[in-house]
Amino acid sequence: MTRSEMLFSEAVKVIPGGVNSPVRAFGSVGETPRFIASAKGAHMTDVDGNTYLDFVGSWGPMILGHNHPAVLEAVLEACQEGLSFGAATEREVEMAELICSLVPSIEMVRMVNSGTEAVMSAIRAARGFTGRSKIVKFAGCYHGHSDSMLVKAGSGVMTGGIPDSAGVPEGCTRDTLTAVYNDLKSVEDLFAAFGSEIAAVIVEPVAANMGVVLPEKGFLEGLRKICDTYGSLLIFDEVITGFRLSLAGAQGYFGIRPDLTTFGKIIGGGMPVGAYGGRKDVMELIAPCGPVYQAGTLSGNPVAMAAGLAQLRLLRDTPDFYEDLNHTGDVFFEEMKKVLREAGKPWQINHIGSLGCIFFTKEPVSNYAQAKTSDTKAFAEYFSYMLRQGVYLAPSQFEAMFLSAAMTEEELRQVLETFQNYLKQSQS
Ligand SMILES: *Cc1c(COP(=O)(O)O)cnc(C)c1O
């Protein structure tokens, strides 16, 4: 028995499923989770001493690689000064000013502790501002685990949502309407039926929680237009894409200005941080300025702010950071496509910048229904092979591969070779 297996058998006795977030359990790939002991740069080492090239990067935050010296130093320094005060600090001002300076649509911002919290709060702000209740989301888009966002993907477009999770009362999702990603008609239909009741449309501007699904030309522009026509707010959930596709996130990349934006992951540099912000006239409704209540004992935590500030400043101050990383991503994923083609495999690669994924399906994937045609057994086989060759991928067909700036060309070339070897011996 490996040490990971031993720990897992202990963990399941005292932690539901042995993990503190479900996908970590490796359930859909039929593996035992590897317990990680440490990580540095592009690599993670498990408790059995196996080292992996890490394509998860803590699900996005580690865009610079693990334990970047400047981030680590900032955290250690902040720790010396105190772990939490529950009072205003200078770093929070610096953080808010930095975010406002990097993302043009953000005029005011509030720090929270997770992406879930950011989304929950942004939705409350949108409802408070518009005085309306309904929210449009897209099948296959993930917005954290707050009640109103856990709506079954693929539920009837014209009907109210059906809860995806046990424990979510129907009342909590009655006002959540579900549309089809990349299908403006499905959004127009919802607005035709409920337009005056819709507070906001929330969307991942690049969907990265059903695998990676890119917005088709005109999709995000169309959402902007529909929202303007009906006086609804457009919320970009940039928890993954924020500071990933560009310094100004997907909105900077595509040139669309949402009313509100949510952040998480990269913004905390590996610490638990989220944020939501946007138009001043909306954000001024947040308590104590206005009547929309939202609070947090540890929000804006000094150590977390230190980590996030250090990482964001590095991203801002490294010349050509995004050009270089996005280029590396383009080359890598296009090479993956080539490897597939040469092996005569019909699978799909979707990618943008440093985000990408392989779908084990013949069909091009531009929405949730198409993503779901993937052969998850084939994915599991691929995952296990890569893991044993030291490549740590997200343990699910429906997650992204995250490249980090710490990965070298040589390491990525080796991954392509491993992938090629996999396809050679694969039965699928
Ligand atoms: C991860 C994620 C969230 C939830 O963030 P947590 O920090 O896990 O609560 C919300 N939206 C998107 C797009 C995400 O990828």
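Counting convention: from 1, in listed order, for ligands and their atoms alike. Predicted model, so just to flag it, every value in this text is computed and none were measured. Values below: all heavy atoms of this structure, side chains included; hydrogens, waters and symmetry mates excluded.
Per-residue contacts place S114 under 4.0 angstrom from the following atoms of ligand 1 (heavy atoms of the residue considered): 7 (O), 9 (O). Of all the atoms in ligand 1, the ones that sit under 4.0 Å from a non-hydrogen atom of N209 are 12 (C), 13 (C), 14 (C), 15 (O). Heavy-atom contacts of I240 reach the following atoms of ligand 1: 15 (O) (cutoff under 4.0 Å).
The aromatic rings of Y230 and F191 sit tilted, their planes meeting at an angle between 30° and 60°. A perpendicular orientation is assigned to the rings of F138 and F219, their planes being inclined by more than 60° (bins at 30° and 60°). Between Y392 and F26, the ring planes are tilted. Angles from 30° to 60° get that label. The aromatic rings of Y422 and Y385 are tilted relative to each other, their planes meeting at an angle between 30° and 60°.
Here E204 has side-chain heavy atoms under 4.0 Å from ligand 1, and that is the only part of it that gets that close. At a heavy-atom distance under 4.0 Å, no atom of H145 approaches ligand 1. Residue T262 does not touch ligand 1, judged by heavy-atom distances below 4.0 Å.
When only non-hydrogen protein atoms are considered, atom 11 (N) of ligand 1 lies nearest to D237 OD2, 2.7 Å. Closest to atom 15 (O) of ligand 1, if we only count protein heavy atoms, is K265 NZ, 2.6 Å.
Considering backbone and side-chain atoms together, T116 places an N or O closer than 3.5 Å to an N or O of ligand 1. Looking at G115 next to ligand 1, an N or O pair under 3.5 Å apart turns up. In terms of N/O distances under 3.5 Å, ligand 1 is not approached by H143.
Taking the six-membered ring where the residue is Trp, the centroids of F243 and F263 are separated by under 6.0 Å. The aromatic ring centroids of Y253 and Y322 lie 6.0 Å or more from each other.
Nearest heavy-atom pair across E216 and N182 is N-OD1, 2.7 Å.
Electrostatic pairing of E92 and R110 does not count as a salt bridge here, judged by no charged N lying under 4.0 Å from a carboxylate O.
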